[in-house]
Amino acid sequence: MPNLKLFVAPNTCARVPTIALEEIGVPFETELVRTAANQQNSPEFLKVNPKGKVPTLLIDGDPLTENVAILTWLNTTFPDANLLPETNTPLDTVKQTADLAFFAGTVHPTITRIAMPIKFIEDKALSFEIVRPKGTEAMMPIMSMINKRLEDGPWWYGDTWSAVDGYLYWAWGRITGVGFPGEDFPNIRRHHELSNERPAVQRAMARETENIKVLEAEGLFIAPR
Ligand SMILES: N[C@@H](CCC(=O)N[C@@H](CS)C(=O)NCC(=O)O)C(=O)O
């Protein structure tokens, strides 16, 4: 069994592999990265991940970055957990990579425009006035497509939960947490409610709550807004 340590920060996409690890049920440790103190760009952290990002998974001390890679590695290392449905052809396997890459490469950057508009324009007021609405507009067709996909079953792949659902869970929570209007997406709302019932999701969220408490005690928690 490899020794696993996941670098995380509350409300970030590190929630996705946290959920996956909880679904697997393997022992792992999380290490809090204090983004409000820019710890992700500290010399110590940059030695672990020169990109200065969470999640980063240390596997027996060896860092693996990028959600797509981390989830793929977890799926192949712990096949019994069925993080992704079994495939019969290399093409079907790569299509699953495409699903993960869609969340990492299309959904996530659009989330950033909505949830962290200040990253795109220095003026805070203008970032909320201009960047967030543009991000929201760009997110609408993306969420419409996802909502339609969920017509066939509660989860991305139909009847069976997968790591892609963990990605959607984070994405939806992150944008609705800062006011993205969810009314027109009933299937995604149902997906979120069902996800909240999963013990692994609850354990992942409990880990985040503990980390939020630590940050609050240090005056380093920035609530989403
Ligand atoms: N492509 C990376 C993106 C990772 C990423 O952007 N993480 C954000 C949190 S959601 C982060 O670490 N932000 C800190 C920063 O940009 O300073 C992945 O999919 O894992």
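Please read these numbers as outputs of a predicted model, since none were measured by experiment. Whatever order the structure lists ligands and atoms in, that order sets their numbers, starting from 1.
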Next on the checklist: Working note: Glu151 + Lys148, criterion salt bridge (Lys or Arg N to Asp or Glu O under 4.0 Å); need CA distance, chi angles, decisive distance, verdict.
Outcome noted: CA-CA 5 Å; Glu151 274 169 12; Lys148 190 158 178 40; 3.7 Å; yes
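- The cationic atom of Arg207 (NZ for Lys, CZ for Arg) lies less than 6.0 Å from the six-membered ring centre of Phe28 and within 45° of the ring axis.
- With sequence neighbours excluded, the residues satisfying side chain to side chain contact (heavy atoms under 4.5 Å, CB included) with Ala36 are Leu220, Ile222.
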Could you pull out every N or O of ligand 1 that sits under 3.5 Å from a protein N or O, with the distance for each pair?
from: ligand 1; atom 1: 1 (N); to: Glu66; atom 2: OE1; distance (Å): 2.6
from: ligand 1; atom 1: 7 (N); to: Val54; atom 2: O; distance (Å): 2.7
from: ligand 1; atom 1: 12 (O); to: Val54; atom 2: N; distance (Å): 2.9
from: ligand 1; atom 1: 12 (O); to: Val54; atom 2: O; distance (Å): 3.4
from: ligand 1; atom 1: 16 (O); to: Lys53; atom 2: NZ; distance (Å): 2.5
from: ligand 1; atom 1: 16 (O); to: Lys119; atom 2: NZ; distance (Å): 3.0
from: ligand 1; atom 1: 17 (O); to: Gln40; atom 2: NE2; distance (Å): 2.8
from: ligand 1; atom 1: 20 (O); to: Asn67; atom 2: N; distance (Å): 2.9

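- Contacts of Glu210 classified as side-chain hydrogen bond (donor to acceptor under 3.5 Å, both in side chains), with partners at least two apart in sequence or in another chain: Lys213.
- Residues Thr56 and Asn49 have side chains that bring a donor and an acceptor to within less than 3.5 angstrom of each other.
- Remark: Met140 engages Thr136, Phe180, Pro181, Phe185 in a side chain to side chain contact (heavy atoms under 4.5 Å, CB included) (not counting sequence neighbours).
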